[in-house]
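Before any comments, here is the structure.
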Amino acid sequence: MDVKNFVDAINCDFYTGVPDSQLKALCNYLMNTYGINANHHIIAANEGNAAAIAAGYNLATGKFAAVYMQNSGLGNIVNPSASLLNPKVYNIPAVFIIGWRGEPGVHDEPQHIYQGEITLKLLDDLGIKFFVLSKDTSQQELNNIMQNFRVELNNNNCVAFVVRKGALTYDAKISYKNNYFMIREEIIRHILKFSGDSPIVSTTGKTSRELFELRETHERDFLTVGSMGHASSIALGVAINKPDKKIFCIDGDGAALMHLGSLAIIGSLAPKNLIHIVINNSAHESVGGLPTVASKINLPEIAKSCGYVNIFSAENYDSLDEALRIARESDSLTFIEAKSQIKSREDLGRPTTSALDNKIAFMKFLTRQSS
């Protein structure tokens with residue numbers, strides 16, 4: 001289905017959410033139509049943030065908002081759905097548009113499998129009526145569903161479209177870029193020159209995929225293939241329990257923004273052995289390249305205010321290497337922002353080991369390092 005027909009059927013003035021590759025047609029349509037526009041389209045830090053923005057929109061206008069996300073983000077909307085939007089609380093309507101990764105019977109990456117299995121059940125448990133949109137959904141069927149959904153929305157209930165792979169199409173081409181010089185894969189290569197035998201915790205998406213391809217052995221790396229935004233907290237948990245080892249965390253700007261409060265917890269504990277590197281391309285590149293707000297805020301200053309001690313921002317490889325050298329030799333919590341292009345290899349692969357095997361090998365490595 002052409003995404004414009006889908007948008008016309010919903011007939012909503014305001015969209016907010018977190019980009020998803022399964023919803024690339026919708027995301028690109030919104031960017032081409034509205035860009036980032038406070039009155040029509042806001043890319044949120046996380047899905048719960050988007051649900052709360054939608055609630056505020058309804059309070060101010062009396063109209064419903066559309067909230068888009070990957071189904072991995074359902075966990076972030078459970079609380080606002082149950083304790084804010086729910087009819088037993090404030091009874092606030094919204095249309096959720098959810099990319100269905102890990103749909104049973106459809107091949108997908110391991111981090112999506114269980115989430116895919118429970119997606120529809122979660123919506124049932126939250127009392128949200130839903131419709132599964134597929135390639136075969138006709139315009140008339142969509143119009144009929146939306147007519148029923150409008151009854152729910154007029155009663156201030158939430159509804160959801162669960163979008164199967166390829167259900168939405170959009171012919172217009174759109175590309176995303178910035179003016180930064182470095183390339184993420186090369187940044188990771190430079191990090192590896194300085195990390196030596198130190199453990200690395202890497203964030204979800206292309207960062208972990210590139211790290212995997214750059215290593216011949218992978219026991220030193222915990223690849224956070226899911227749980228977007230939590231790599232730095234995982235690294236914190238490792239760092240405070242392995243105080244004699246330097247722990248590197250390779251993060252992304254979208255992931256860091258998703259759970260920005262983690263920086264405050266890390267800074268308050270200030271583990272001397274943690275080096276937190278945020279590769280900032282100001283984009284959700286792994287799911288299409290839509291922008292984050294990282295280009296409009298000062299991540300190093302935020303880290304400084306949270307309690308990080310050594311603070312660096314690198315725009316070229318020489319300054320990155322200098323920051324990494326100081327971090328490796330320092331005995332203080334370090335934050336490094338590495339500004340990167342929106343770019344990756346077309347032939348970039350995926351980890352060939354299972355998530356469970358990765359965990360077991362990483363734990364064995366940490367144990368050997370302690371003995």
Side-chain angles (χ1 to χ4, degrees), residues 45-46 48-49 72 75-76 111 187-188 191-192 194-205 207-208 211-212 218-280 292 294 297-314 323-324 326-338 355 358-370:
N46 62 58
N49 173 214
S72 62
N76 284 332
Q111 67 269 26
I187 290 170
I188 296 171
I191 293 169
L192 293 178
F194 287 88
S195 63
D197 207 32
S198 297
I200 295 177
V201 177
S202 58
T203 190
T204 188
T207 297
S208 282
L211 175 61
F212 186 86
H218 311 290
E219 61 180 5
R220 289 165 289 180
D221 308 325
F222 185 83
L223 309 173
T224 314
V225 293
S227 299
M228 182 173 171
H230 292 301
S232 62
S233 295
I234 295 168
L236 172 65
V238 175
I240 59 179
N241 287 286
K242 297 293 179 183
D244 296 329
K245 291 293 297 180
K246 285 286 186 184
I247 308 299
F248 285 72
C249 175
I250 307 178
D251 215 346
D253 57 289
L257 289 166
M258 182 165 279
H259 296 295
L260 196 58
S262 300
L263 271 70
I265 303 303
I266 294 169
S268 69
L269 294 170
K272 297 179 179 180
N273 58 327
L274 180 58
I275 301 171
H276 187 182
I277 304 156
V278 175
I279 300 178
N280 179 7
T292 72
I297 63 175
N298 192 323
L299 287 172
E301 284 297 318
I302 291 172
K304 182 179 179 180
S305 69
C306 287
Y308 285 70
V309 180
N310 296 325
I311 312 289
F312 303 94
S313 181
L324 288 167
I326 294 172
R328 185 184 62 188
E329 297 173 359
S330 174
D331 195 26
S332 300
L333 173 63
T334 298
F335 181 91
I336 301 173
E337 175 190 47
N358 176 214
K359 182 204 78 168
I360 292 170
F362 186 72
M363 291 180 72
K364 287 180 177 178
F365 174 75
L366 292 179
T367 300
R368 288 200 306 272
Q369 290 292 297
S370 300

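Since the model is a prediction, treat every value here as computed from it, not as a measurement. Sequential numbering from 1 along the given sequence is applied to the chain's residues.
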With a 4.5 Å limit on heavy-atom distance, are the side chains of [X] and [Y] in contact?
X      : Y      : value
Lys245 : Val238 : no
Asp221 : Phe248 : no
Ile279 : Ile188 : yes
Ile326 : Phe312 : yes
Thr224 : Thr203 : no

If I take atom CD1 from residue Ile302 and atom CG from residue Leu263, how far apart are they, to the nearest 0.5 angstrom?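 Reported to 0.5 Å precision, the distance equals 7.5 Å.
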Hey, could you give me the OG/CE distance between Ser227 and Met258, rounded to the nearest 0.5 Å?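 Separation between the atoms: 11.0 Å.
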Only counting residues at least two apart or in another chain, list the ones meeting ring-ring contact (aromatic ring centres under 6.0 Å, His included) with Phe362.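 Phe362: ring-ring contact (aromatic ring centres under 6.0 Å, His included) contacts with Phe222.
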Within the side chain of Arg328, is there an N or O that forms a donor-acceptor pair under 3.5 Å with the backbone of Ile275?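 Checked: no pair found.
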Has Gln111 got a side-chain atom pairing as donor or acceptor with Val225's backbone, closer than 3.5 angstrom?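 Side chain of Gln111 to backbone of Val225: a pair is present.
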Kindly give the heavy-atom pair with the smallest separation between [X] and [Y], and that separation in Å.
X      : Y      : result
Val278 : Gly252 : CG1-C, 3.8 Å
Ile247 : Ala239 : CG1-CA, 3.7 Å
Ala45  : Leu257 : CB-O, 3.6 Å
Pro199 : Phe365 : CG-CE2, 3.9 Å
Ala327 : Ile336 : CB-CD1, 4.2 Å
Ile240 : Pro243 : O-CD, 4.0 Å

If the condition is side chain to side chain donor-acceptor pair (under 3.5 Å), which residues does Ser233 pass it with, not counting sequence neighbours?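 Residues passing side chain to side chain donor-acceptor pair (under 3.5 Å) with Ser233: Ser262.
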Does the side chain of Asn358 come under 3.5 Å of the side chain of His218 through a donor N or O and an acceptor N or O?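 Side-chain D/A pair, Asn358 to His218: absent.
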Any idea how His230 and His259 line up, ring-wise: parallel (<30°), tilted (30 to 60°), or perpendicular (>60°)?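 His230 vs His259 ring planes: parallel.
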